[in-house]
Amino acid sequence: MTARPIANEHPPTSGSPNGGSDHNRAQRLFVEQLTLTDFRNFASARLNLDGRPVVLVGDNGAGKTSLLEAVSLLGAGQGLRSRPYKELARHGGRGGWAIAGKVASGGETVPLGTGFGLAGDEDRASRNVRIAGKESSSNALANHVKVVWLIPAMDGLFTGPASERRRFLDRLMLAVDPKMRTPRARFERAMRQRNRLFQLHEGSPSLFAGLEEQMAETGTAIAAARLDAVSRLAALIEASKESLMQGLFPWASLALAGTLEADLMDGSAVEVEDAYRERLAVTRERDRAAQRTLEGPHRSDLVVSHGPSERPAEICSSGEQKALLLGLILSQAALITELDGAAPLILLDEVAAHLDATRREALFSEIFRLGAQAWMTGTEASVFASMTPKAQIFGVNCGTISD
Ligand SMILES: Nc1ncnc2c1ncn2[C@@H]1O[C@H](COP(=O)(O)OP(=O)(O)OP(=O)(O)O)[C@@H](O)[C@H]1O
Ligand SMILES: [Mg+2]
């Protein structure tokens with residue numbers, strides 16, 4: 001599969017699909033209150049906050065990552081570790097969990113709540129969500145909260161399986177265009193059904209044609225939205241690469257590898273959709289033998305290179321990869337800020353301690369420049385000394401939180 005470099009067709013001040021503009025720049029997004037019940041190692045805990053960055057300091061196993069995970073669940077999706085909701089319930093608790101948040105968003109305080117397994121719904125795979133007291137879908141959380149994160153599990157993003165990079169890519173796509181959650185879910189569903197027909201040796205031609213029609217329509221929309229999101233991010237990186245974190249972090253050069261994404265660079269969406277539908281029809285026998293769909297947006301990959309050296313990220317040193325990833329996350333946060341007029345919540349788990357003092361200060365300055373409520377964790381308070389009093393620092397200890 002060939003990777004096509006992404007053209008920078010979006011000027012850095014391009015308009016927003018979400019209707020963001022400068023006048024609401026003052027409408028910052030931040031968590032004002034976070035309450036946990038039976039969530040991981042927290043039986044019950046509450047944090048009252050203002051808009052400043054949040055620092056969580058505590059020993060290994062204290063509950064710092066758990067708190068970041070709780071914050072990530074105030075946004076749409078499955079949270080930063082994507083673990084089954086059942087696993088998040090505190091051992092020895094009531095078998096479920098709840099997170100309540102008051103979030104400053106869009107100039108008002110929005111009460112948000114989410115939970116699982118406490119209302120006799122243990123058999124459900126999804127979580128409950130309430131927004132301003134009304135039952136809602138987790139997708140709707142994206143209207144109020146955007147979150148980006150960097151966690152130790154992402155250290156191998158460039159060297160690990162493409163599926164992880166695709167998840168990263170789709171989070172970017174969904175941050176730029178939250179409406180894409182529906183076509184993404186429809187594509188997955190239709191493809192799962194098609195694969196199942198192969199495995200069961202079933203399916204009439206018309207059944208296949210119906211599923212392939214849905215896959216072609218939604219798959220092309222996904223590829224187009226990915227291209228749009230990546231080209232916006234590439235444009236932002238291009239415009240800010242010299243100044244990115246004071247020039248102390250390498251900038252990323254981005255490309256997308258994927259048949260539909262490549263076709264869209266040469267043809268119209270209608271042509272690409274028609275061609276994909278036809279290819280799905282003619283490759284049924286091949287896919288039946290493999291018992292799965294071998295071509296589509298579920299096979300695409302985000303190809304990242306170290307911009308200054310043009311080396312593929314996967315052969316960069318582990319330090320270079322970490323720096324590249326941190327730069328990429330902050331560029332993603334800057335893109336969301338530009339589009340929405342408010343910076344997303346930025347969750348940085350165990351990031352600061354790995355940086356030398358100069359780079360750490362560059363990271364802190366970037367967070368203040370964006371106006372983001374970043375949430376940072378560490379085992380040593382001294383790492384964050386220069387942030388006081390511009391940050392709110394809490395101690396975390398065996399599932400309790402102290403000022
Ligand atoms: N469902 C659960 N019920 C109770 N405890 C849990 C549950 N899931 C995880 N834990 C425990 O919660 C504790 C806190 O985990 P967490 O990952 O938040 O710690 P941490 O402060 O980030 O530690 P580290 O510095 O090592 O990353 C750990 O001891 C973990 O084993
Ligand atoms: Mg941790």
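Each ligand, and each atom within it, is numbered from 1 in the order the structure gives. Since we're looking at a predicted model, the values are computed, not measured.
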Within reach of ligand 1, part of Glu350 (heavy-atom separation under 4.0 Å): side chain
Could an N or O of ligand 1 be found under 3.5 Å from any N or O of [X], whether backbone or side chain?
| X | value |
| --- | --- |
| Ala62 | yes |
| Gly58 | no |
| Thr379 | no |

Going by atom types only, do Glu310 and Ser253 share a side-chain donor-acceptor pair under 3.5 Å? no
If we count only N and O atoms by modelled type, under 3.5 Å, do the side chains of Ser300 and Glu261 hold a donor and an acceptor together? yes
Could you tell me if the ring centre of Phe198 sits under 6.0 Å from that of Phe208? yes
For the Mg ion (ligand 2), every protein N/O/S atom that sits closer than 2.8 Å, waters excluded: Thr65 OG1
I'd like to know if Ala89 contacts ligand 1, where contact means a heavy-atom distance under 4.0 Å to any ligand atom. yes
Return yes when Thr377 approaches ligand 1 closer than 4.0 angstrom through a heavy atom, no otherwise. no
Look at the rings of Tyr85 and Phe116 and say which category their plane angle falls in: under 30° parallel, 30 to 60° tilted, over 60° perpendicular. tilted
Hey, does the Lys NZ or Arg CZ of Lys390 hover above the aromatic six-ring of Phe368, less than 6.0 Å from the centre and inside 45° of the axis? yes
Asp59, CG atom: more than 12 neighbouring heavy atoms under 6.0 Å: no
Flag yes if more than 12 heavy atoms outside Gln199 fall under 6.0 Å of its CD atom; otherwise flag no. yes
